[in-house]
Protein chains: 2
Amino acid sequence: MTDERSFLDGYDPAAFPAVAVTVDVVALTIRDGRLHVLLVERGGHPFAGWRALPGGFVRDEPLDAAALRELGEETGLRPGEGPLERVHLEQLRSYGDPGRDPRMRVFSVAYLAFAPSLPDPRAGTDASGAFWVPVDEAGELAFDHAAILADGLDRARAKLEYTPLATAFVGPEFTIAELRAVYTAVWGEELHAGNFHRKVLSVPGFVESTGETAARAGERGGPKPRLYRAGDARLLHPALLRPAREEDVR
Amino acid sequence: MTDERSFLDGYDPAAFPAVAVTVDVVALTIRDGRLHVLLVERGGHPFAGWRALPGGFVRDEPLDAAALRELGEETGLRPGEGPLERVHLEQLRSYGDPGRDPRMRVFSVAYLAFAPSLPDPRAGTDASGAFWVPVDEAGELAFDHAAILADGLDRARAKLEYTPLATAFVGPEFTIAELRAVYTAVWGEELHAGNFHRKVLSVPGFVESTGETAARAGERGGPKPRLYRAGDARLLHPALLRPAREEDVR
DNA sequence: AAAATAGTGTCTTTTAGACATTATGGT
DNA sequence: ACCATAATGTCTAAAAGACACTATTTT
């Protein structure tokens, strides 16, 4: 409230009870048709040996920059370059319950990242502790990270409906089938191939044709599919709604 | 990253660079058919005399509790009692750019509150500095609060589409016309009365009939409208989509 | 040759939206 | 008497969803 704000004026910052602010990243990608999340294995206490979301303290930088930096450090990739160039990053929400970190009051701003299949983090760099895990095999995580992951998955599933976010999971050029595989992996539901195809092409700005076709058809035959790239839409109208399940509604 | 986390173990918390965490609340209500936001006038520097969102430092409490407490303090109402009993409160997002507060690094977790028309804060209590302002007359705000307000409005407008949130703006019993007035005020668009009426009743769980009718008709006549209360739906299926505007899509 | 897939066509059901109609109860 | 409104009806257009079919390419 107002009094408290003015209270801060001229106050010695060091006298405040110590709090820390971190970013944690729910980085999602699709490998072999399954949705994976980037996890690290913790070295120190607490939760030593547990899996956790990658993250770390916010430095003298904007929150978005901190999240991108952490993602780069854990994957061993340069933020904004190469594979991380096309990463979609958005803020998820913040977590700050007292006691969520046993050492001190730690507020975490969680981020959600979507990336096309990235190389394995172990390869080469010092990002040794990170690895991709299928989301349904994440198991127990340190701190409240399991809840953060669940929130991130909810957000991702919802955003596929009304934004062209699925294109962030594929390369710069992709087939309709690849796009459908994203929806299948994230939603965990099979979609009718024919209807999906027509639907995607009918939504203005979702995808645009490159005029090219893939060099090869699928492993098990079929015509060479046409290639598309992401269009300029920021919202899908009409949206690609997933079938409403009764339990979600009540 | 992992190293930094273990780095924290056994570390002296007071040695960390001072940061503060606040909550700021975008509290929305509808008065006289117009969407209003709760603002306070700042006493101290910086931004002395400017309008700002109500907010304050997070104490030894969960973030949600901090937001509800601040809302109670500014409105002079008891959290969880009386008018604040039915308040809908949800986290909006966090803001933490260096320099957003000139005094020190301040992270703010913004909350969004929806309430039926609340009494004027000035009445009685020491919540003297707060007042309801039509959102389109909010003008310039302290810190980055104008951006926070804009984000809150975006969120509110979007959530009316696919959640029964509009019922949080009306009393426990309401007419379809009152519900329509909420949509009109938040979206700033007129809706077709007849189609809206049928649509609301057709969405499962959005509203349920009380069997009663209002004691009186509208000021300018007409039949006595039936009364409804909020149903048990958490999501609207199918959603109440607002007409897609081209500029939102690209 | 067999099998799988890309892309399209067709039909039905659902939903959105424009518009009209009736009855009610204020001024 | 007049008028705004509640509630419902009707019709059309758009979209969703089920299903079928053809052409193409791989093993």
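Labels below follow one simple rule: chain letters A, B, ... track the order of the sequence lines, proteins then strands, and each chain is numbered from 1.
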### Task
Select one nucleotide: of D:dT5, D:dT8, C:dG26, the one nearest the side-chain heavy atoms of B:P223.
D:dT5

### Summary
When rounded to whole Å, the CG to P distance for the pair B:L236 and C:dA16 reads 11 Å

### Query
For A:A239, which contact category applies under a 4.0 Å heavy-atom criterion: base, sugar-phosphate, or nothing?
sugar-phosphate

### Query
Distance from A:L179 atom CG to A:T175 atom OG1, nearest 0.5 Å?
8.0 Å

### Task
Could you tell me if the ring centre of B:Y183 sits under 6.0 Å from that of B:F196?
yes

#### Entry: Between C:dT27 (C1') and B:R220 (CZ): distance, integer Å
11 Å

### Message
Given C:dA18, D:dT25, C:dA6, identify the nucleotide with an atom nearest to the side chain of B:N195.
### Response
C:dA18

### Task
Test A:S117 against A:T29 for side chain to side chain donor-acceptor pair (under 3.5 Å), laying out the working first.
CA-CA 6 Å; A:S117 193; A:T29 198; 4.8 Å; no

### Query
Within a strict 4.5 Å, meaning less than it, do heavy atoms of the A:L28 and A:L153 side chains meet?
yes

### Query
Mind checking whether B:V26 and B:Y111 have side chains closer than 4.5 Å, heavy atoms only?
no

### d(OH, B:Y162; C1', C:dT15) in whole Å
20 Å

### Message
Based on the rotation axes of five pairs at each end, what angle does the helix from C:dA1-D:dT27 to C:dT27-D:dA1 bend through, to 10°?
### Response
10°

### Query
With a 3.5 Å cut-off and no angle check, do the side chains of A:Y95 and A:D24 form a donor-acceptor pair?
no

#### Entry: N-O pairing of B:E137 and B:R34 below 4.0 Å
yes

### Query
Looking across every strand, which nucleic acid part, if any, lies under 4.0 Å from A:A177 by heavy atom: base, sugar-phosphate, or nothing?
sugar-phosphate

### Residue A:K199, side-chain atoms from C-beta onward, closest of C:dT8, D:dA15, D:dT8
D:dA15

#### Entry: Per A:K224 side chain, nearest of listed nucleotides D:dA7, D:dT25, C:dA23
D:dT25

#### Entry: Atom pair distance, as rounded to whole Å: CG in A:L191 and P in D:dG17
10 Å

### Summary
Whole-Å distance, A:E190 CD to D:dG17 C1', equals 16 Å

### Query
5'-most contact on DNA chain C: A:H197 or B:G194, nearest heavy atom basis?
A:H197

### Task
Write down the distance between CG (A:L241) and P (D:dA15), rounded to a whole number of angstrom.
12 Å

### Query
Quick one: A:E178 CD to C:dA6 C1', roughly how many Å, whole number?
13 Å

### Query
Between B:Y228 (OH) and D:dA6 (P), how many Å, whole number?
11 Å

### Query
What distance separates A:R242 CZ from A:E189 CD, expressed to the nearest 0.5 Å?
7.5 Å

### Distance below 4.0 Å between A:R226 side-chain N/O and C:dT8 OP1 or OP2
yes

### Message
Heavy-atom nearest nucleotide on DNA chain C for A:G222 versus B:E219: which residue maps closer to 5'?
### Response
A:G222

### Query
Any N or O donor-acceptor pair linking the side chain of B:R198 to the base of D:dG9 at under 3.5 Å?
yes

